2 protein chains.
Amino acid sequence: MLLSKTSEYGIRAMLHLAGVGGDVYLPVKRISKDLDISFHFLTKIFQQLTRAELVDSYRGPNGGVRLRCEARSIAVKDILVALEGDDLFTKCVLGLPECGEGHPCPLHEHWARSRMQIETMFGGKSLIDLGAELRSGGFRLRATGEWTEPTK
Amino acid sequence: MLLSKTSEYGIRAMLHLAGVGGDVYLPVKRISKDLDISFHFLTKIFQQLTRAELVDSYRGPNGGVRLRCEARSIAVKDILVALEGDDLFTKCVLGLPECGEGHPCPLHEHWARSRMQIETMFGGKSLIDLGAELRSGGFRLRATGEWTEPTK
DNA sequence: CACAAAAAAGATATAAATGTCTTAAAACGG
DNA sequence: CCGTTTTAAGACATTTATATCTTTTTTGTG
């Protein structure tokens with residue numbers, strides 16, 4: 001599989017936040033229900049995203065998480081890097097430590113191109129853009145069942 | 001990480017076989033030493049590749065594994081599919097089960113392009129071609145240390 | 001202040017990937 | 001037939017990823 005569950009969940013949750021928009025704090029509980037993701041697991045993921053300063057969190061009633069102002073223009077790539085590091089965008093596809101121009105693996109050149117394309121694809125659109133597309137409809141962030149508009 | 005250790009090792013080992021070329025059986029022990037990969041783990045991987053009919057195996061003295069004649073023109077993609085299935089080339093990048101034209105995730109369209117590019121990159125070159133490039137020098141399949149030409 | 005809501009943090013459980021070890025079966029060479 | 005080489009197969013150990021549960025801390029409200 002390309003991405004870990006952590007990344008899949010993290011990206012879906014962040015896109016969900018971007019889709020909801022606004023400055024309101026959304027409880028993780030709510031997000032976990034909206035997207036059908038394990039609440040406790042999602043909590044851990046948001047703790048990472050909070051430490052990475054991609055989201056603000058607030059405790060207590062009316063608390064929750066929201067996209068950090070300074071991070072509204074981030075891309076999916078930034079979520080990935082926060083959750084898993086940048087291995088996908090830097091490392092040799094065959095796992096060879098010093099793979100590079102000097103000692104390339106047989107796939108080095110080919111993979112370099114693919115990698116760049118992947119980086120562009122994950123880095124090309126901002127969460128704002130993706131959130132807007134999400135609101136415009138036709139897109140989906142959960143497995144099955146109909147969409148329930150968050151109440152707050 | 002993009003690929004599992006199983007895939008990394010499997011691809012490296014298969015490229016090694018392609019680089020050696022010929023009809024000779026190469027013992028897994030030898031390959032594991034050449035590439036610095038755990039012997040027992042590599043054995044398991046070759047058992048999968050044998051069952052997938054990508055390699056022939058032969059027991060006893062002068063035994064080992066070799067590329068199957070019919071599979072000389074396969075690509076790295078075929079190794080990947082044999083070892084991990086085709087999820088990487090078919091599944092939604094966010095893990096959504098019914099992601100498609102009808103109910104696309106926000107990344108569906110973008111990922112479809114990347115995925116195709118990745119498929120082309122893993123499917124573009126045959127093991128024969130890659131083996132020839134390997135023999136022509138300048139390429140590397142192990143982490144460090146100098147290359148030791150297999151004696152048989 | 002007491003209570004409830006919510007994130008943070010820690011502990012634990014389960015499953016999957018990775019790695020190692022042992023035994024069995026096949027093939028060959030004396 | 002016996003010993004060696006090798007793959008095949010199975011058992012086991014370790015680590016990492018995934019998932020769940022409990023406790024603590026913060027915050028708002030009555």
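Small disclaimer: the values here were computed from a predicted structure and weren't measured. Below, chains carry the letters A, B, ... as their sequence lines are ordered, and counting in each starts from 1.
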Gap between atoms [atom1] and [atom2], on [X] and [N] respectively (whole Å):
X: B/Tyr9; N: C/dA17; atom1: OH; atom2: C1'; result: 11 Å
X: A/Asn62; N: C/dA6; atom1: CG; atom2: C1'; result: 10 Å
X: A/Phe39; N: C/dA8; atom1: CZ; atom2: P; result: 10 Å
X: A/Ile45; N: D/dA17; atom1: CD1; atom2: P; result: 13 Å
X: B/His40; N: C/dT23; atom1: NE2; atom2: P; result: 12 Å
X: B/Asp56; N: D/dA8; atom1: CG; atom2: C1'; result: 15 Å
X: A/Lys44; N: C/dG10; atom1: NZ; atom2: P; result: 8 Å
X: A/Phe41; N: C/dA8; atom1: CZ; atom2: P; result: 16 Å

>> Closest approach to the side chain of B/Gln47, judged atom by atom: which nucleotide of C/dA6, D/dA8, D/dT6 is it?
In response: D/dA8
> Of all the choices, D/dA19, D/dC21, D/dT27, which nucleotide is nearest to the side chain of A/Tyr58 once you look at every atom?
Replying inline: D/dT27
Under-4.0 Å side-chain N/O to phosphate OP1/OP2 contact, [X] with [N]:
X: B/Ser57; N: D/dA8; answer: yes
X: B/Thr43; N: D/dA9; answer: no
X: A/Thr6; N: D/dT18; answer: yes
X: B/Arg51; N: D/dA9; answer: yes

> Of A/Ile45, A/Ile79, A/Leu83, A/Thr6, which is the lone residue that meets side chain to side chain contact (heavy atoms under 4.5 Å, CB included) with A/Ile11?
Replying inline: A/Ile79
> Would A/Arg72 and A/Asp23 count as a salt bridge (Lys or Arg N to Asp or Glu O under 4.0 Å) if you check the C-alpha gap in whole Å, the side-chain angles of each, and the deciding distance to 0.1 Å?
Replying inline: CA-CA 11 Å; A/Arg72 297 287 164 85; A/Asp23 279 348; 3.1 Å; yes
>> Using a heavy-atom cut-off of 4.0 Å across all strands, would you classify A/Phe46 as base, sugar-phosphate, or nothing?
In response: nothing
> Which comes earlier along DNA chain D counting from the 5' end, the contact point of B/Arg59 or that of A/Ser4, where each point is its nearest nucleotide?
Replying inline: B/Arg59
> Do the side chains of A/Met121 and A/Val76 get nearer than 4.5 Å, heavy atoms only?
Replying inline: no
> Sub-3.5 Å donor-acceptor pair from the side chain of A/Ser7 to the main-chain atoms of A/Leu3, do we have one?
Replying inline: no
> Can the positive tip of A/Lys77 be found less than 6.0 Å from the middle of the six-membered ring of A/Phe89, inside 45° of the ring normal?
Replying inline: yes
